[in-house]
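Position 1 is the first residue of the sequence, and the numbers go up from there. When reading the values below, keep in mind they use all heavy atoms of this one structure, side chains included, and skip hydrogens, waters and symmetry mates.
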Amino acid sequence: MRLEEKALSFVINFLLGISWGASIVGALTAFLSYYSNSFFFAVISAVFASIPGLVGVLLLEHFIVSREKLDLLKHQTALLQKVANRKEEKLEIS
């Protein structure tokens with residue numbers, strides 16, 4: 001996974017799998033439940049039944065992207081502090 005922390009990465013992957021599974025199971029269950037009435041109604045109900053799982057996937061992906069952004073900003077801050085320290089050292093020497 002993209003996260004550096006192994007335990008957090010495992011939990012996020014697990015929750016992503018659950019969300020995708022809930023989305024697929026919800027869609028299939030709704031489709032098969034209403035297929036005998038109408039194909040169009042079955043497709044519409046499958047789409048609506050998959051929404052909670054897809055919302056879970058979106059929230060978890062947003063969390064992953066936010067954590068990656070935070071890690072990159074920490075790395076960038078460390079690099080900028082090194083550059084600032086070098087500039088200060090050069091100014092002190094002059």
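- Separation of atoms CD (Q81) and CZ (R86) is listed at 13.0 Å; rounding is to 0.5 Å.
- Between A30 and A49, the shortest heavy-atom distance links the atoms CB-CB, 3.6 Å.
- At least one donor-acceptor pair under 3.5 Å links the side chain of T77 to the backbone N or O of L73.
- By the criterion of side-chain heavy atoms lying less than 4.5 angstrom apart, applied directly or through intervening Ile, Leu, Val, Met, Phe, Trp or Tyr residues, I51 is not grouped with F41; the two fall into different hydrophobic clusters.
- Hydrophobic clustering, with ILVMFWY side chains joined whenever heavy atoms are under 4.5 angstrom apart, groups F39 together with L32.
- From K69, atom NZ reaches atom CG of L72 across 10.0 Å, with rounding to the nearest 0.5 Å.
- Contact of the S23 side chain with the V57 side chain is not registered, since no non-hydrogen atoms from C-beta on lie closer than 4.5 Å.
- I12 has its side chain within reach of L16: a pair of non-hydrogen atoms, C-beta onward, lies under 4.5 Å apart.
- Side-chain contact between I64 and E68 is present, with at least one heavy-atom pair separated by less than 4.5 Å.
- Connection of V11 to W20 is established within a shared hydrophobic cluster, with ILVMFWY side chains joined at heavy-atom distances below 4.5 Å, either directly or through further cluster members.
- The six-membered or imidazole ring of F40 lies away from that of Y34, with a centre-to-centre distance of 6.0 Å or more.
- The side chain to side chain contact (heavy atoms under 4.5 Å, CB included) test with S19 is passed by exactly one of L59, I24, L60, L54: L60.
- Of the possible polar contacts, one joining the S45 side chain to the A42 backbone as a donor-acceptor pair under 3.5 Å is found.
- If you run side chain to side chain contact (heavy atoms under 4.5 Å, CB included) between F63 and each of L58, L8, L15, only L8 comes through.
- Here the side chains of V43 and Y35 are not in contact, with every heavy-atom distance at 4.5 Å or above.
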